[in-house]
**Student:** 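I have a structure here, written as structure tokens, and I will follow up with some questions on it.
Bear in mind the structure is a predicted one, so any value in this text is a computation, not a measurement.
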Amino acid sequence: FDPELKRLFSHTPPKDLVIFDVGCYFGDSIERYSSLFPGCTIYSFEPDNVPYVEVTKKYQQRNNVFIQNFGIGAFDGIADFYKCTVPGNSSFNNILGSSKWAKHRAQIQGVEPADLVKLIAGIPVRSLDSFVEEQGIEYIDVLKLDVEGWENECLKGCQTLLSCNK
């Protein structure tokens, strides 16, 4: 995976890369991109407070990493967030309790499928279009989305970026 990324971006000097890491969780992608492209600028987005606090502590000394504590979606506003007991599976999409995945995970954890998630209301959400405009960011070289089924909503919020090839 990493050699393929390096090949894809070999035409761009690493220091010039602007990377958006949507759903950064505990920062594995930050580490990967920093290693592959030293000097790149990384904007990371994590709506879940627990990983946000940890990843902020981990990267607070880096002046090229900017971590945001809000979700990315199709609009600017507030949305419900579903905190999952299974690490790495929280999302703005609720988990369907009748799904095979939910039944299997619940059985492993010894809980009912309905107990896999806890609703956390009132989480801020921004569109990439508005964030980029507000921050004066001219382009994004890499857009990584790991948002547990919320990818379409993220893409709806960057229509201007996509239509302008930014």
Side-chain angles (χ1 to χ4, degrees), residues 1-84 87-94 119-166:
F1 180 69
D2 289 348
E4 183 64 16
L5 274 178
K6 239 186 174 31
R7 186 191 65 74
L8 285 170
F9 292 96
S10 62
H11 66 284
T12 305
K15 64 183 170 68
D16 294 335
L17 284 177
V18 175
I19 299 171
F20 272 41
D21 177 16
V22 181
C24 75
Y25 198 47
F26 285 102
D28 292 344
S29 292
I30 295 171
E31 203 59 44
R32 178 183 308 116
Y33 292 129
S34 294
S35 172
L36 283 170
F37 310 113
C40 66
T41 301
I42 302 172
Y43 293 88
S44 292
F45 304 87
E46 180 53 57
D48 189 338
N49 279 330
V50 173
Y52 168 76
V53 168
E54 290 300 315
V55 79
T56 300
K57 285 180 193 174
K58 186 174 180 181
Y59 295 103
Q60 65 186 351
Q61 300 300 318
R62 297 211 189 158
N63 61 359
N64 65 323
V65 177
F66 304 95
I67 303 166
Q68 311 298 318
N69 188 208
F70 53 81
I72 295 296
F75 58 90
D76 290 354
I78 302 294
D80 290 341
F81 187 73
Y82 298 90
K83 178 85 172 173
C84 186
N89 288 277
S90 298
S91 176
F92 287 101
N93 284 326
N94 197 357
L119 172 64
I120 301 174
I123 300 295
V125 176
R126 300 280 312 272
S127 73
L128 285 176
D129 282 339
S130 70
F131 179 79
V132 165
E133 182 179 343
E134 175 189 275
Q135 298 294 313
I137 298 166
E138 296 180 23
Y139 59 89
I140 299 171
D141 292 298
V142 177
L143 173 59
K144 176 242 150 190
L145 300 172
D146 185 2
V147 290
E148 307 305 317
W150 190 251
E151 289 81 3
N152 284 344
E153 294 301 306
C154 294
L155 292 172
K156 287 177 190 175
C158 64
Q159 293 301 304
T160 301
L161 284 167
L162 294 172
S163 67
C164 294
N165 292 321
K166 292 184 173 187

**Student:** Say you draw a straight line from CG of N93 to CZ of F81; how long is it, rounded to the nearest 0.5 Å?
**Tutor:** 10.5 Å
**Student:** Just list the side-chain donor-acceptor pairs under 3.5 Å for residues 20-29, sequence neighbours left out, or say none.
**Tutor:**
residue, atom, partner, partner atom, Å
D21, OD1, K144, NZ, 2.4
D21, OD2, S44, OG, 3.4
Y25, OH, G88, N, 3.0

**Student:** With T160 as reference, evaluate V132, D129, L128 under the side-chain contact (heavy atoms from CB on, under 4.5 Å) test and give the passing residue.
**Tutor:** D129
**Student:** Testing the basics here: between Q159 and K156, what is the closest heavy-atom pair and its distance to 0.1 Å?
**Tutor:** CG-O, 3.2 Å
**Student:** Who passes side chain to side chain contact (heavy atoms under 4.5 Å, CB included) against N152, sequence neighbours left out?
**Tutor:** none
**Student:** Heavy atoms only: give me the nearest P47-G71 pair and the separation to one decimal.
**Tutor:**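 Closest approach of P47 to G71, heavy atoms only: CB-N, 3.7 Å.
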**Student:** Any side-chain to backbone donor/acceptor pair from D80 onto A121? Under 3.5 Å, distance only.
**Tutor:**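 Looks like no, no N/O pair under 3.5 Å.
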**Student:** Within a radius of less than 6.0 Å around CD of E133, do more than 12 heavy atoms belonging to other residues, nucleotides or ligands occur?
**Tutor:** no
**Student:** With sequence neighbours excluded, tell me which residues meet ring pair (Phe, Tyr, Trp, His ring centres under 6.0 Å) with Y52.
**Tutor:** none
**Student:** For S130, which residues count as a side chain to side chain donor-acceptor pair (under 3.5 Å) partner, sequence neighbours excluded?
**Tutor:** D76, R126, S127
**Student:** Residues in side chain to side chain contact (heavy atoms under 4.5 Å, CB included) with Q68, at least two apart?
**Tutor:**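 Listed in chain order: F45, F66, F70, F131.
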**Student:** My understanding is that only residues two or more places apart in sequence, or in another chain, count here; which of them pass salt bridge (charged side-chain N to carboxylate O under 4.0 Å, His left out) with D48?
**Tutor:**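 Per chain and number, D48 pairs via salt bridge (charged side-chain N to carboxylate O under 4.0 Å, His left out) with K83.
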**Student:** Might you point out which heavy atoms bring I67 and V65 nearest each other, and give the distance in Å?
**Tutor:**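 For I67 and V65, the tightest heavy-atom pair comes out as CG1-CG1, 3.9 Å.
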**Student:** Name all residues meeting the side chain to side chain contact (heavy atoms under 4.5 Å, CB included) criterion together with E31; count only those two or more places apart in sequence or in a different chain, and write none if there are none.
**Tutor:**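 Side chain to side chain contact (heavy atoms under 4.5 Å, CB included) check on E31 returns K58, Y59, R62.
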**Student:** Can you give me the closest heavy-atom contact between I137 and Y43, atom names plus distance?
**Tutor:** CD1-CZ, 3.5 Å
**Student:** Heavy atoms only: give me the nearest E151-L145 pair and the separation to one decimal.
**Tutor:** CG-CB, 4.0 Å
**Student:** Can you check whether I123 reaches F92 side chain to side chain, under 4.5 Å on heavy atoms?
**Tutor:**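 The answer is yes; the side chains approach within 4.5 Å.
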**Student:** With sequence neighbours excluded, tell me which residues meet side chain to side chain donor-acceptor pair (under 3.5 Å) with N69.
**Tutor:** N49
**Student:** Which heavy atom of S91 sits nearest to which heavy atom of W150, and what is that distance?
**Tutor:**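 Where S91 meets W150 most closely, the heavy atoms are OG-CB, 4.4 Å.
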**Student:** With sequence neighbours excluded, what pairs up with Q61 under the side chain to side chain donor-acceptor pair (under 3.5 Å) test?
**Tutor:** none
**Student:** Let me confirm one number: the CG-OG1 distance from N63 to T41, rounded to the nearest 0.5 Å.
**Tutor:** 8.5 Å
**Student:** Taking the side chain from N64 and the backbone from C40, do they hold a donor-acceptor pair closer than 3.5 Å?
**Tutor:** yes
**Student:** Can you tell me how far SG of C154 sits from CG of D146, rounded to the nearest 0.5 angstrom?
**Tutor:** 10.0 Å
**Student:** Taking S90 for the side chain and C84 for the main chain, is one N or O donor matched with an acceptor at less than 3.5 Å?
**Tutor:**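 The answer is yes, because a donor-acceptor pair under 3.5 Å joins these two groups.
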**Student:** Side chain to side chain contact (heavy atoms under 4.5 Å, CB included) with K57: which residues, sequence neighbours excluded?
**Tutor:**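 Scan of K57 (side chain to side chain contact (heavy atoms under 4.5 Å, CB included), adjacent residues dropped) gives V53, E54.
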